Number of protein chains: 2
Amino acid sequence: MYTLLRENIEKHIHLTDEEFAQFSAPFYLQHAEKKQMLLREGEVCKFEGFVNKGCLRVYYLDESGFEKVLYFAVEGWWITDIDSFTNQTASILNIEALEDSEILMITYPYKNILYETLPKVEKLFRVMTQKTHAALQRRMISSLSNTADKRYLEFITKYPQLEQRLSQQQMAAYLGISHEFLSKIRKKISRLR
Amino acid sequence: MYTLLRENIEKHIHLTDEEFAQFSAPFYLQHAEKKQMLLREGEVCKFEGFVNKGCLRVYYLDESGFEKVLYFAVEGWWITDIDSFTNQTASILNIEALEDSEILMITYPYKNILYETLPKVEKLFRVMTQKTHAALQRRMISSLSNTADKRYLEFITKYPQLEQRLSQQQMAAYLGISHEFLSKIRKKISRLR
DNA sequence: CGGGAAAGTTGAACTAGTTCAAAAAAGACA
DNA sequence: TGTCTTTTTTGAACTAGTTCAACTTTCCCG
């Protein structure tokens, strides 16, 4: 149950068996079936989660009611509304399972206890947040610099596993284009091969 | 020299006078005159900086040679290429002073010493990175959801001080539109008042 | 296995934003 | 103060991406 989580953490810091036991103790396994909502706009995000199995999306409903995907999370990725979770304020985001999923979750009070009792956790989440932030900066730059077809090619090159699992509608909502236009981009690209 | 920095830090964690002395010791004051480059694409970013005075921009040169602004930093803001600095790898970004500026800088080895000798610093930068990340998520969402005129209005509402200090070219490069189009947006908006 | 719903495709008309070029306005500084 | 440079404005022609509607394909589940 914790093997994927331990692997993920070892990428950033080393924990002894005892330390990892202490770290993982407050996490509980949450099952979510396809289409189940784990967070709705307006609620306070009660968890930070590590995806053990499945696929989820974090999305935003814009003024016209269109869904825009902030990010996806599959096995080995963390998922939360960082703003709502860290400040315990109302969320503007929604989180939904796109497949039957299993998520290791920790609540806000337990996470704070972890920070106090196991100071290495402080470094762990600092480093993880830095990396996530650098990745989002690269996406922001790409979104400022590239047209939709380049962003699409970038996406499927970077996340080939995701391309298989996601519908084109979901990818379009991530790329910030209409699904009709993504369909046209794909047609154009396939003609070139 | 350190008053602004101390104020900024107190927003996140409390440090005693001794602790703050220990914290601030490795920072040095760097002067930069208008148009001076502090980081060029390809270099390793040698500093993390706190802006005491002035205004700078972090930008990216896209394939067509256009400059896209990732962010601006004025008094009270931090500035670095987080990816290049934390991994000590070649940067894809450029940092330039838009006005004569003063930046309190710390180098990579000294920052690591701080993390070890003053564990609170770990929490400080974790919390700061989380907030910066949440802010970038909001910008990403806005960029996915809104047209240029809304993003412009959002920008000048959120950063009225910046609007005064930046040229329209710089704002356009931040919004991801051509400066000609920003000029047209401004004309349209001013007609509506 | 069949039928209904959801996802993907296509075309036509439209809109947001770009590009280029030229002129006007605003700064910079000797 | 004048002049040179940079920034901003404007218009015209263009391109990327949207919207809507109709159709086809895929998939889900009773």
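Because the structure is predicted, anything quoted here is derived from the model rather than measured. Each chain gets a letter, A, B and so on, in the order its sequence line appears, and its residues count up from 1.
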What is the distance, rounded to the nearest whole Å, between atom [atom1] of [X] and atom [atom2] of [N]?
{"X": "A:His179", "N": "C:dT10", "atom1": "NE2", "atom2": "P", "value": "13 Å"}
{"X": "B:Gln164", "N": "D:dT7", "atom1": "CD", "atom2": "P", "value": "18 Å"}
{"X": "A:Met171", "N": "C:dT9", "atom1": "CE", "atom2": "C1'", "value": "15 Å"}

Exercise for review: Measure the CD-CD1 distance between A:Gln161 and A:Ile156 for me, rounded to the nearest 0.5 Å.
Suggested key: 12.0 Å

Review point. Any idea which of D:dT10, D:dT7, C:dG11 is nearest the B:Ser167 side chain?
Key: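 When the side chain of B:Ser167 is considered, D:dT7 is the closest of D:dT10, D:dT7, C:dG11.
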
**Study point:** B:Tyr115: hydrophobic cluster co-members (side-chain, 4.5 Å)
**Key:** B:Met1, B:Tyr2, B:Leu4, B:Leu5, B:Ile9, B:Ile13, B:Leu15, B:Phe20, B:Phe23, B:Phe27, B:Leu29, B:Phe50, B:Trp78, B:Leu104, B:Ile106, B:Tyr110, B:Ile113, B:Leu114, B:Leu118, B:Val121, B:Leu124, B:Phe125, B:Met128

Practice item. Answer yes or no for B:Arg151 and B:Tyr174: cation-pi contact, defined as NZ/CZ to six-membered ring centre under 6.0 Å and angle to ring axis within 45°. Key: no

Exercise for review: Examine D:dT7: is either OP1 or OP2 under 4.0 Å from a nitrogen or oxygen in the side chain of B:Gln168? Give yes or no.
Suggested key: no

Review point. With respect to the phosphate group of C:dT9, does any side-chain polar atom (N or O) of A:Lys187 fall under 4.0 Å of OP1 or OP2?
Key: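 Checking A:Lys187 against C:dT9: no side-chain N or O falls below 4.0 Å of OP1 or OP2.
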
Practice item. Rounded to 10°, tell me the angle between the two end axes of the helix from C:dC1-D:dG30 to C:dA30-D:dT1, each built from five pairs. Key: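 Helix axis angle between the two ends: 50°.
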
Review point. Should the pair B:Phe85 and B:Tyr108 be assigned to parallel (<30°), tilted (30 to 60°) or perpendicular (>60°) ring geometry?
Key: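 Perpendicular, since the angle between the ring planes exceeds 60°.
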
Review point. Can you give one letter per nucleotide of nucleotides 12-30 of chain D, going 5' to 3': B for a protein heavy atom under 4.0 Å from the base, S for sugar-phosphate only, - for none?
Key: B----BBBB-------S--

